[in-house]
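Heads up: the structure comes next, in structure tokens.
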Amino acid sequence: MTTLIRLEILRTFRNRRYLLFTIAYPALMYFFFIHAYSADKLAGGLPVKTYFMVSMATFGAVGAVLTGSAQRISLERKSGWVRQLRLTALPGRAYTVGKIAAAAVTTLPAILVVFAVGASQGVSLTAGQWAGLVAALWLGSFVFAALGVALGYAAAPDSVQSIVMIAYMAMALFGGTWFPVSGSLESFARFNPVYLYNRLATFTQPGHSLDTVAVVGLAAFLAVFVAAAAALYRRDTRQA
């Protein structure tokens with residue numbers, strides 16, 4: 001399984017689309033948002049530069065695992081590569097877990113690059129807060145890695161890209177990625193994993209701790225997505 005994970009990671013890092021859309025694009029969007037908002041205002045209870053640093057890091061992380069893993073799995077199913085792997089000694093659960101783990105690793109550059117840009121623009125956090133944010137966002141990305149695997153088994157190769165992009169943009173739009181969610185919209189956003197993902201940064205606010213509601217919600221989504229990925233993998237095995 002470790003060999004599979006290593007190959008998946010190397011293949012992703014060699015992909016120019018990954019480098020452009022999941023690393024460079026969120027960093028560029030961060031510059032746009034911090035200059036579109038007044039620097040002395042708050043967004044979602046956080047300074048504008050901190051808020052959009054987190055939201056653009058999560059945007060890149062979710063994009064890395066959703067668009068990458070879902071499309072790749074769907075294409076591998078079409079080409080027969082998944083069927084060939086089933087003939088080896090690699091268990092089905094190892095293939096699924098390997099895909100999720102490899103996808104999650106690729107989120108780290110997306111997070112770290114945006115954080116580096118944020119630090120260069122004056123975002124001031126303690127060393128513990130920086131480390132905590134990196135850890136929280138990286139662990140949270142496993143939720144979307146599992147969703148990407150599930151979508152890869154659920155959708156056909158000719159439709160997976162459209163399905164992933166619609167789901168990706170809808171979750172970002174109503175999850176606080178482009179603007180702070182408040183009022184009546186927030187009551188619905190609590191059922192959006194991207195909103196909960198962005199909420200992991202609230203512990204950087206003075207007097208706040210880690211949002212345990214967001215952690216529990218993300219854990220529930222992870223369980224659902226992993227179960228869905230496993231069920232869809234078994235269905236694909238029966239149809240093969």
Side-chain angles (χ1 to χ4, degrees), residues 22-23 25-66 104 107-145 147 168-222:
T22 64
I23 295 181
Y25 182 66
L28 291 173
M29 290 299 294
Y30 175 68
F31 280 110
F32 170 79
F33 280 111
I34 64 174
H35 289 94
Y37 283 74
S38 177
D40 59 349
K41 290 185 177 180
L42 295 178
L46 294 169
V48 164
K49 290 183 178 181
T50 303
Y51 179 89
F52 285 109
M53 180 187 73
V54 172
S55 71
M56 288 300 101
T58 61
F59 181 67
V62 174
V65 292
L66 277 188
T107 63
L108 273 175
I111 295 169
L112 294 175
V113 168
V114 175
F115 278 18
V117 174
S120 72
Q121 295 300 304
V123 175
S124 180
L125 300 173
T126 66
Q129 288 175 329
W130 281 115
L133 268 181
V134 171
L137 297 192
W138 180 66
L139 291 172
S141 70
F142 278 81
V143 176
F144 303 95
L147 175 59
Y168 180 31
M169 291 302 175
M171 289 190 296
L173 178 62
F174 299 106
T177 298
W178 310 115
F179 53 86
V181 176
S182 60
S184 59
L185 183 60
E186 189 171 10
S187 60
F188 295 99
R190 296 183 187 278
F191 299 96
N192 182 343
V194 169
Y195 171 80
L196 299 176
Y197 193 25
N198 285 320
R199 291 287 299 173
L200 295 179
T202 56
F203 73 89
T204 60
Q205 294 177 245
H208 287 69
S209 58
L210 184 65
D211 190 333
T212 55
V213 173
V215 172
V216 171
L218 286 172
F221 274 113
L222 177 61

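In this structure, the side chains of T204 and T126 stay at 4.5 Å or more apart for every pair of heavy atoms. Between V216 and F221 there is no side-chain heavy-atom pair separated by less than 4.5 Å. Between L66 and M171 there is a side-chain heavy-atom pair separated by less than 4.5 Å. Y30 has its side chain within reach of I34: a pair of non-hydrogen atoms, C-beta onward, lies under 4.5 Å apart.
Applying the side-chain hydrogen bond (donor to acceptor under 3.5 Å, both in side chains) rule to S141 yields the partners T107; only residues at least two apart in sequence or on another chain are considered. Applying the side-chain hydrogen bond (donor to acceptor under 3.5 Å, both in side chains) rule to D211 yields the partners R199; only residues at least two apart in sequence or on another chain are considered. Scored by the side-chain hydrogen bond (donor to acceptor under 3.5 Å, both in side chains) test, S55 finds no partners at all (sequence neighbours excluded). Take V134 and apply the side-chain contact (heavy atoms from CB on, under 4.5 Å) test, not counting sequence neighbours, and it matches L108, L112, F115.
Side chain of K49 to main chain of G122: no donor-acceptor pair is present (N/O by atom type, distance under 3.5 Å, no hydrogens or angles). Side-chain N or O atoms of N198 include none that pairs as donor or acceptor with a backbone N or O of T58 at under 3.5 Å. A distance-only check finds a donor-acceptor pair linking the side chain of Y51 to the backbone of G176 [under 3.5 Å].
Closest non-hydrogen pair, P26 versus V114, comes out as CB-CG2, 4.0 Å. Smallest separation of non-hydrogen atoms from L200 and A214: CD2-CB, 4.3 Å. Across all their heavy atoms, A110 and G60 have their closest contact at CB-C, 3.8 Å. Smallest separation of non-hydrogen atoms from G175 and V181: C-CG2, 4.1 Å.
Applying the salt bridge (Lys or Arg N to Asp or Glu O under 4.0 Å) test to every pair with at least one member in residues 175-196, sequence neighbours left out, gives these pairs: E186-R190. Listed by first and then second residue, the ring-ring contact (aromatic ring centres under 6.0 Å, His included) pairs involving residues 172-197 are F33-W178, F59-W178, F144-Y197 (not counting sequence neighbours).
For the side-chain contact (heavy atoms from CB on, under 4.5 Å) criterion with M53, the lone passing option out of L46, L133, I111 is L133.
Of the inter-residue distances, the one linking Q129 atom CD with Q205 atom CD reads 10.5 Å to the nearest 0.5 angstrom. Residue L222 holds its CG atom at 10.5 Å from CG of L147, rounded to the nearest 0.5 Å. Annotation: the span from M56 atom CE to Y25 atom OH amounts to 8.0 Å, rounded to 0.5 Å.
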Stepwise, does the side-chain contact (heavy atoms from CB on, under 4.5 Å) test hold for Q121 with F31? CA-CA 9 Å; Q121 295 300 304; F31 280 110; 3.4 Å; yes

